[in-house]
Amino acid sequence: MRIVIGSDHAGFPLKATVVEHIRKLGHEVEDVGSHDDRPVDFPDIAQLVTGAVAEGRAERGLLVCGTGVGASIAANKVRGIRAAVCHDIHSAHQCVEHDDVNVMCIGAQIVGPWLALDLIDSYLTAEFSTDEDFRRRVEKLHKMDADR
């Protein structure tokens with residue numbers, strides 16, 4: 001799977017661990033920044049990640065910031081993106097299975113490296129359910145996007 005990942009300065013230290021882990025799982029990773037710990041605005045990084053997902057250059061995205069909240073807000077502004085903050089294993093897989101989330105946001109100041117890797121494993125192995133209820137609901141999200 002092609003994964004695009006980005007972080008702000010708060011997420012930068014955790015991102016290196018995450019990128020290495022995703023590559024070890026056999027996925028292709030595009031790291032769009034930040035590339036150091038100097039302050040950067042999370043909406044700028046979110047645009048790079050969501051652009052790659054929306055354009056089909058990556059199948060899923062991952063954003064790492066302080067709490068994951070700001071990144072999620074920014075990502076959800078982009079048409080076709082369904083982003084979720086995940087700080088527990090259940091949410092990390094269920095957001096894909098039920099809501100077809102294509103960008104997961106995690107907070108480096110909330111989760112440590114060991115939990116972040118478990119979240120990523122759960123997120124990347126999850127598949128969107130074939131259940132008609134979930135498909136119908138996500139189709140309504142697509143319509144909401146189109147109506148903007």
Side-chain angles (χ1 to χ4, degrees), residues 1-131 134-135 137-138 141-142 144-145 148:
M1 189 181 316
R2 288 170 298 152
I3 311 298
V4 60
I5 184 169
S7 71
D8 67 1
H9 51 283
F12 174 73
L14 179 59
K15 187 177 63 160
T17 301
V18 166
V19 167
E20 179 184 346
H21 181 71
I22 294 171
R23 285 189 174 133
K24 282 183 181 175
L25 293 173
H27 300 289
E28 180 183 329
V29 179
E30 179 184 356
D31 181 351
V32 297
S34 72
H35 300 291
D36 57 45
D37 62 356
R38 288 182 298 206
V40 63
D41 295 337
F42 65 82
D44 297 333
I45 299 298
Q47 280 192 300
L48 296 172
V49 169
T50 58
V53 173
E55 294 167 10
R57 291 184 284 119
E59 287 128 300
R60 295 205 190 152
L62 181 63
L63 284 163
V64 186
C65 70
T67 64
V69 174
S72 176
I73 292 167
N76 279 308
K77 300 286 184 189
V78 176
R79 186 172 287 158
I81 298 300
R82 288 168 310 286
V85 178
C86 296
H87 293 147
D88 66 88
I89 301 299
H90 182 70
S91 297
H93 68 81
Q94 189 169 340
C95 71
V96 175
E97 295 165 355
H98 291 195
D99 306 309
D100 201 19
V101 162
N102 51 16
V103 176
M104 183 172 72
C105 305
I106 59 175
Q109 296 167 341
I110 308 299
V111 302
W114 62 270
L115 180 53
L117 301 185
D118 287 347
L119 295 171
I120 290 161
D121 290 348
S122 189
Y123 170 64
L124 294 180
T125 58
E127 295 181 13
F128 186 37
S129 173
T130 58
D131 184 288
F134 302 127
R135 296 281 171 155
R137 292 171 189 146
V138 170
L141 296 174
H142 289 296
M144 291 171 73
D145 260 351
R148 285 199 234 190

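We're numbering straight along the sequence, starting at 1.
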Student check: side-chain heavy atoms of N102 and I81 closer than 4.5 Å: yes
Pick out which of I120, V49, I45, L62 makes a side-chain contact (heavy atoms from CB on, under 4.5 Å) with I5. L62
Measure from the side-chain N and O atoms of D88 to the backbone N and O of S91, and report whether any donor-acceptor pair falls under 3.5 Å. yes
Any L14 side-chain heavy atom under 4.5 Å of I106 side chain: yes
Under the ring-ring contact (aromatic ring centres under 6.0 Å, His included) definition, can you give me all pairs with a residue in residues 49-95, not counting sequence neighbours? H90-H93
Looking at side-chain heavy atoms only, is the closest gap between V96 and E127 below 4.5 Å? no
Would you confirm whether S122, through its side chain, and I89, through its main-chain N or O, come within 3.5 Å as a donor-acceptor pair? yes
If the condition is ring-ring contact (aromatic ring centres under 6.0 Å, His included), which residues does H142 pass it with, not counting sequence neighbours? none
Tell me whether D145 contacts the main-chain N or O of R79 through its side chain, where contact means a donor paired with an acceptor under 3.5 Å. no
Just to verify, what does F128 make a ring-ring contact (aromatic ring centres under 6.0 Å, His included) with, not counting sequence neighbours? none
side-chain hydrogen bond (donor to acceptor under 3.5 Å, both in side chains) filter on D100, not counting sequence neighbours, yields R82
For A52, give me all partners under side-chain contact (heavy atoms from CB on, under 4.5 Å), at least two apart in sequence or on another chain. V4, E30, R57, A58
Residues 19-70 vs ring-ring contact (aromatic ring centres under 6.0 Å, His included), sequence neighbours excluded, gives none
